[in-house]
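Owing to the predicted nature of the structure, the values given are computational and were not obtained by experimental measurement.
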Amino acid sequence: MDPEHLPVINNYLDANEPPSSEARLSRMHFHDNQRKVDYVLAYHYRKRGAHLGHGSPGHSLAVISNGETGKERHGGGPGDVELGPLDALEEERREQRDEFEHNLMAAGLELEKDLESKSQGSVFVRIHAPWQVLAREAEFLKIKVPTKKMYEIKAGGSIAKKFSAILQTLSSPLQPRVPEHSNNRMKNLSYPFSREKMYLYNIQEKDTFFDNATRSRIVHEILKRTACSRANNTMGINSLIANNIYEAAYPLHDGEYDSPGDDMNDRKLLYQEWARYGVFYKFQPIDLIRKYFGEKIGLYFAWLGLYTSFLIPSSVIGVIVFLYGCATIEEDIPSKEMCDHQNAFTMCPLCDKSCDYWNLSSACGTARASHLFDNPATVFFSIFMALWATMFLENWKRLQMRLGYFWDLTGIEEEEEHSRPEYETKVREKLLKESGKSAVQKLEANSPEDDEDDEDKLTWKDRFPGYLMNFASILFMIALTFSIVFGVIVYRITTAAALSLNKATRSNVRVTVTATAVIINLVVILILDEIYGAVAKWLTKIEVPKTEQTFEERLILKAFLLKFVNAYSPIFYVAFFKGRFVGRPGSYVYVFDGYRMEECAPGGCLMELCIQLSIIMLGKQLIQNNIFEIGVPKLKKLFRKLKDETEPGESDPDHSKRPEQWDLDHSLEPYTGLTPEYMEMIIQFGFVTLFVASFPLAPVFALLNNVIEVRLDAKKFVTELRRPDAVRTKDIGIWFDILSGIGKFSVIINAFVIAVTSDFIPRLVYQYSYSHNGTLHGFVNHTLSFFNVSQLKEGTQPENSQFDQEVQFCRFKDYREPPWAPNPYEFSKQYWSVLSARLAFVIIFQNLVMFLSVLVDWMIPDIPTDISDQIKKEKSLLVDFFLKEEHEKVKLADEPTQRSQGGGDRSRRSRAASSAPSGRSQPGSIASSGSQHTNV
């Protein structure tokens, strides 16, 4: 039906009766200052030749509502707006908006919107859900609400109670000063809302029974399922926003966070007690976060808080391990042997021609520094961190169950998801190709919800081009990452060769090359991270997932894969590949003509791995997680403000007035999901667990970052983003599986880091198999092989050697037979002994840690015992409460029949009982089925 033929539903306020000052002060309500604004739709309009009629310029508000009497709009009357001719696209959008808003009102919602009184501008459609709609939708969505019944939560035995009381007293200065929304000792029984069981709930005020987050969630559900036939039978507000019919849709914040005065709202309370850096030492008010933002965001901050608190013990142990390395550096025999000038190990040249022979004692500093991270304590720390990761995940499962119990998430069903706009468009295109009639006709013939029809589904054949593009693009991106890593390797090799030619720079070649290469790696990682995030989104879009949840999961997997490869490729190279393919003197491996593959430092590659890991981790956290998160939103806000100021249009006479809440929220950044927040923490979790054997201080830097990160994210959600829609969810979804996978992968990686990259295994083998006195004396000499310098290839010998003495044999780090052996330069028996010991260590370490992890997993139950008992108790109490309330209901219904006179039949007595007054004031009075008892 055309909007022109629909009944007139617009009730315009009288231009001669300006709103009262009381109404002007209300920024969260309709113009009548009675009905609360639960949701806002915003759109931008443009028209030509528009001019006001005879009405007052102040006439700028239209109230669209259901069933209200008021002034109707008549052509040519006062306040009539004569619209100029609109272009075809704008006219089509206006008709689609009109139809969508009519359909919203048909669903029971009440609307209020501004008149389009200027040539162009933004219009806000305010939506209010009356009690009837809230009750109907709450029952449909099975929203759990508190009943009248409260019960005490038992804290366990007397020892547990005393310990809990002491802990609460000690932590009281760290607790945020927020009112207790739910008493820790008392809890309401919750039950899904039902209009037939209104007597179960303690409904005192209809307007406040459902909180703001629940009201906006209900309205959002209606918006998602309301269809618009003019927009090709498009389903939901998301499709209309995707087609630029509306610009934005969002619930309102609870007022301003920095308003002067003592008036307090949840947003202001969150800002004061959570979203400021000055309260970094306090616990998070998780219940208030959940109440304001919904369960999904509440679970994210609960997870982030637990992760940050778990970093404290790992940071303490990491510092102890580092201090142990510092304390034992003077007792480390191999580094003392390397620093001893009397040993005079003459080493082979590090490059061809320009490099000279050198003494091993010149690398004394590197050897001593390596001991800080390459010592027996790092093995213990690796085992500890593997068990730490398991403990963290197990404790998160327990906390998740505890929060689920207190937030009434136990037993919630998965909500039915609507199709994404892109999926609907693809289906329409398919129908248009396969059928002679238009896609619109086809969709009108079939109901919009008829998703079971095979013709309306996209088969694997329809998605095959998208899957193929995904596979090819991901392979290309991974190959690009490896190519860049190889490019940095070539840079290191060529730069080292170039610097070695100059005597002035020859002494600092290794430090210069390492530092500049790591900085290049960091810059490349930061750039590719942004590119890969956009590419992952594009690849997921061309897959055309049906629902938002499927879209989000596939996007997370792609983004994680690409960002994981991007962040860790340079680190994997240094840990496992650098120095492994160098060759030996006289038979070196060359990348290009004259450029040898790079070698590890004399003290091993572990020190360089530590430098690489620390710079990338710290740089990524400092630049990407903090500067980008703080700077980019501020720049976007500045650009949006400049755009609004430079946008041509008529001056707004109301602009000087105090802006409304919907105006303020519209100027904020739209909420785009939790994926970026989770992603940066997951990558950090990888830095903390995967290579912790080479960098024990990683948890310390992660902890310092997260203390800031919690408040940074909090400030962003409270002050810089529009209020997100409240989403109910029981867990953190696919992120838990990724965390679990990283935890298991870290065991293997750390096993190989200790076995392959560090000198832990060669030292053990020497000490227990080759040492004469069971100590590490002679270890350095044991690891160095001999080479006859006369066998160097022609043209590779050092030119103009300045070495003090004539060199006949030089040394290089490897386990090879000496030149005088029957098989010179072949791998020696020691090489195979060390290799077998390394492989044995990997197998033993991996199985031991995996066994301990499984043991920890088995010992810690996923559901806390007290929560399991309380859930059983709650079910029993709920049954008793139902029986008691039903008994009271029958008893109260029978009272009028006993007082009635005459011997009417049972049906007459039943009707008398059902017509008894429902507004009794005494406690326990209830209404008949379908009515409600309230004290308003």
Out of curiosity, I616 CD1 to L526 CG, how far, rounded to the nearest 0.5 Å?
9.5 Å
Are there more than 12 heavy atoms of other residues, nucleotides or ligands under 6.0 Å from atom NZ of K873?
yes
Short side-chain to backbone donor-acceptor contact, H253 and T719, under 3.5 Å
no
Checking side chain to side chain contact (heavy atoms under 4.5 Å, CB included) for the pair L855/W858: CA distance, chi angles, key distance, verdict?
CA-CA 5 Å; L855 185 65; W858 175 75; 4.2 Å; yes
V379 vs F841, side chain to side chain contact (heavy atoms under 4.5 Å, CB included): CA-CA, chis, key distance, verdict
CA-CA 11 Å; V379 180; F841 175 83; 4.3 Å; yes
Search all heavy atoms of A389 against all heavy atoms of G743 and return the closest pair with its distance.
CB-CA, 4.5 Å
Taking the six-membered ring for Trp, are F381 and F384 parallel (under 30°), tilted (30 to 60°) or perpendicular (over 60°)?
parallel
Minimum-distance pair of heavy atoms, taken over all atoms of F760 and P376:
CE1-CA, 4.2 Å
Exercise: identify the closest heavy-atom pair between W407 and G298
CH2-C, 3.9 Å
Given the rule in the ring pair (Phe, Tyr, Trp, His ring centres under 6.0 Å) test, do F736 and W303 qualify, once you have shown the distances and angles that lead to the verdict?
CA-CA 10 Å; F736 183 84; W303 174 84; over 10 Å; no
Side chains of Y300 and I732: does their closest heavy-atom pair fall under 4.5 Å?
no
Examine the side chains of N375 and T378 and answer whether a donor and an acceptor come within less than 3.5 Å of each other.
no
Is there a donor-acceptor pair closer than 3.5 Å between any side-chain N or O of R711 and the backbone N or O of V279?
yes
How are the rings of F572 and F691 set to each other: parallel, tilted or perpendicular (split at 30° and 60°)?
perpendicular
Hey, does the side chain of D759 reach the backbone of P762 with a donor-acceptor pair shorter than 3.5 angstrom?
no
Separation between CG (L403) and CD (E295), nearest 0.5 Å, reads 10.0 Å
Kindly assign one of parallel, tilted or perpendicular to the pair Y671 and F717, based on the angle between their ring planes and the thresholds 30° and 60°.
tilted
Between S614 (side chain only) and I611 (backbone N and O only), is there a donor and an acceptor less than 3.5 Å apart?
yes
Between I761 and A755, which heavy-atom pair has the shortest distance, and what is it?
CG1-CA, 3.8 Å
Compare all side-chain heavy atoms of E709 with those of L712 and state whether any distance is below 4.5 angstrom.
yes
Is there a donor-acceptor pair under 3.5 Å between the side chain of N750 and the backbone N or O of A693?
yes
Pair Q684-N706, side chain to side chain contact (heavy atoms under 4.5 Å, CB included): steps then yes or no:
CA-CA 10 Å; Q684 185 203 81; N706 284 11; 2.8 Å; yes
Is the backbone of E720 close enough, under 3.5 Å, to the side chain of E669 for a donor and an acceptor to pair up by distance?
no
Do the side chains of R763 and D332 get close enough for a salt bridge, i.e. N-O under 4.0 angstrom?
yes
CG-CG distance between L299 and L306, expressed to the nearest 0.5 angstrom:
12.0 Å
How far apart are the C-alpha atoms of S370 and L606, what are their side-chain angles, what is the distance that settles it, and do they pass the side chain to side chain contact (heavy atoms under 4.5 Å, CB included) test?
CA-CA 7 Å; S370 295; L606 197 71; 5.9 Å; no
Is any side-chain heavy atom of I754 closer than 4.5 Å to a side-chain heavy atom of V842?
no
Report the relative orientation of the aromatic rings in Y307 and F392; use parallel for angles under 30°, tilted for 30 to 60°, perpendicular for over 60°.
tilted
Output field: ring centroids F577/Y573 closer than 6.0 Å
no
Counting N and O atoms only, with roles assigned by atom type, does the side chain of R398 sit under 3.5 Å from a partner on the main chain of P861, one being a donor and the other an acceptor?
yes
I'd like to know if K291 and D211 make a salt bridge, using a cut-off of under 4.0 Å between side-chain N and carboxylate O.
no
Hey, are the side chains of M679 and W735 touching, using non-hydrogen atoms and a 4.5 Å cut-off?
yes
Exam field: side chain N847 to backbone I843, donor-acceptor pair closer than 3.5 Å:
yes
Find the distance between OH (Y532) and CG (N566) and round it off to the nearest 0.5 Å.
5.5 Å
So, K296 and E552, do they make that salt bridge, N to O below 4.0 Å?
yes
S315 side chain vs P699 backbone, donor-acceptor pair below 3.5 Å
yes
Does R723 make a cation-pi contact with Y292, if we ask for NZ or CZ under 6.0 Å from the ring centre and within 45° of the axis?
yes
Nearest 0.5 Å, please: how far is CZ in F695 from CE in M617?
7.0 Å
Hey, does W388 have a side-chain heavy atom less than 4.5 Å from the side chain of I317?
no
Would you give the length of the straight line joining atom CD1 of I556 to atom CZ of R554, rounded to the nearest 0.5 angstrom?
12.5 Å
Counting N and O atoms only, with roles assigned by atom type, does the side chain of R276 sit under 3.5 Å from a partner on the main chain of Q272, one being a donor and the other an acceptor?
yes
How close do D731 and G733 get, counting heavy atoms only, and between which atoms?
OD1-N, 3.1 Å
P285 and L270: which non-hydrogen atoms are nearest, and at how many Å?
CG-CD2, 4.2 Å
Under the ring pair (Phe, Tyr, Trp, His ring centres under 6.0 Å) criterion, do F310 and W396 qualify, and how do the steps go?
CA-CA 10 Å; F310 255 72; W396 168 245; over 10 Å; no
